There are 2 protein chains.
Amino acid sequence: MLAPNAYASDCPTRQVLDRIADKWAVLVLGLLADGPVRFNRLRKAIDGLSQKMLSQTLKNLERDGLVHREAKATVPVTVEYSITPLGRTLSETVEAIRIWAESNIADVQQAQQRYDAISHHS
Amino acid sequence: MLAPNAYASDCPTRQVLDRIADKWAVLVLGLLADGPVRFNRLRKAIDGLSQKMLSQTLKNLERDGLVHREAKATVPVTVEYSITPLGRTLSETVEAIRIWAESNIADVQQAQQRYDAISHHS
DNA sequence: CAGTATCCTTTATGATACTG
DNA sequence: CAGTATCATAAAGGATACTG
């Protein structure tokens, strides 16, 4: 069996990478990892996320089998999004990235200041 | 000490997340994790990556202290990019994502086909 | 409530040409 | 070789209005 080569553009792995390389998807998945959340609640929870982008992000995540959508026949309708088992396995590795970011933000910012100070006229 | 909240737009952690949520950055970092590589070699190694995007990506990675740039005074000049210790710690967690993608691509594709089959007129 | 549809602006990216 | 500069275009995203 051939190992996929993520450096080739026609590799399906890169499609997955592209989806994950989506800041909204990462943040949505992170929230859903803690339990089911309704549409508007997600929207309010993630600062700067527009309705359009949320809708689009959720649709992609659902299509990829990472998130489950359940509409309840109330009036008005309520829709609950939850993470799937597959999505959960992904969210765990993505969580590692968030933790890295939180742990190393100081180093990164320091590097940025050094960089900006040395000519590299921003 | 306050824990950063990645869901707030003004959180520096989200800046890091945004950088990582960049498919080219992920791919470049992945290649550099295996050893130093010159500019044009990187360009050829990553399918679909234009000179402009590579240049931009490398500049960002360097500014964040994740990648080191070293110009050698040959004629013509050769520039070698290498991963920094900080970059290496990140690349290890990012590598987990690539592995996830390669391991689960089949499930994702199957989910996509199911999704597309059920109305959801693409 | 949970979206969709449309329009419009901004941003990202590609192509090309040029330089130390 | 390793870029930068410029222009053109495509894609992403926001605002607003509307719907089941």
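None of the values given here were measured: they were computed from a predicted structure. Within every chain, numbering begins at 1; the chains are lettered A, B, ... in the order of the sequence lines, protein sequences first and strands thereafter.
- Shown here are the ring pair (Phe, Tyr, Trp, His ring centres under 6.0 Å) partners of B:Tyr115, two or more places apart in sequence or in another chain: B:His120.
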Side chains of residues 15-40 of chain A: which donor-acceptor partners sit under 3.5 Å, not counting sequence neighbours?
from, atom 1, to, atom 2, distance (Å)
A:Arg19, NE, A:Asp64, OD2, 2.5
A:Asp22, OD1, A:Trp24, N, 2.8
A:Asp22, OD1, A:Ala25, N, 3.1

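- Listed by first and then second residue, the salt bridge (Lys or Arg N to Asp or Glu O under 4.0 Å) pairs involving residues 40-49 of chain B amount to none (not counting sequence neighbours).
- For the atom pair CG (B:Asn5) and CD (A:Glu102), the distance works out to 8.5 Å, reported to the nearest 0.5 Å.
- Using a 4.0 Å cutoff on non-hydrogen atoms, the parts of residues 52-70 of chain B near DNA chain C are B:Lys52, B:Met53, ordered by number.
- Shown here are the salt bridge (Lys or Arg N to Asp or Glu O under 4.0 Å) partners of A:Glu92, two or more places apart in sequence or in another chain: there are none.
- With the 3.5 Å cutoff on both pairing distances, Watson-Crick and G-U pairs in DNA chain D assemble into runs of at least 3 at C:1-20 with D:1-20.
- Judged as a side-chain contact (heavy atoms from CB on, under 4.5 Å), and not counting sequence neighbours, the contacts of A:Arg114 are A:Gln110, A:Ala111.
- The main-chain N or O of B:Leu86 is found under 3.5 Å from a side-chain atom of B:Thr89 such that the two form a donor-acceptor pair.
- The OG1 atom of B:Thr13 lies 11.5 Å from the CD1 atom of A:Ile99; values are rounded to the nearest 0.5 Å.
- Taking CG from A:Leu58 and CG from A:Leu42, the interatomic distance works out to 6.0 Å, rounded to the nearest 0.5 Å.
- Expressed to the nearest 0.5 Å, how far CG of A:Leu66 lies from CG of A:Leu90 amounts to 6.0 Å.
- Between A:Ile97 atom CD1 and A:Ser91 atom OG the span is 12.5 Å, to the nearest 0.5 Å.
- For the side-chain contact (heavy atoms from CB on, under 4.5 Å) test, residues two or more places apart in sequence or in another chain that qualify with A:Val77 are A:Ala71, A:Val79.
- At a non-hydrogen distance threshold of 4.0 Å, B:Pro76, B:Val77, B:Thr78, B:Val79 from residues 73-80 of chain B come into contact with DNA chain D.
- First and last contacts of DNA chain D with chain A, using any nucleotide atom under 4.0 Å from a protein heavy atom and ordered 5' to 3', fall at D:dG13 to D:dG20.
- Classification of A:Glu62 and A:Lys59 as a salt-bridged pair fails, no side-chain N sitting under 4.0 Å from a carboxylate O.
- Listed in residue order, the members of residues 23-41 of chain A having a heavy atom less than 4.0 Å from DNA chain C are A:Arg38, A:Phe39, A:Asn40.
- Distance check, rounded to the nearest 0.5 Å: CD of B:Gln51 to CG of B:Leu54 gives 8.0 Å.
- Considering only residues two or more places apart in sequence or on other chains, B:Lys72 meets the salt bridge (Lys or Arg N to Asp or Glu O under 4.0 Å) condition with B:Glu80.
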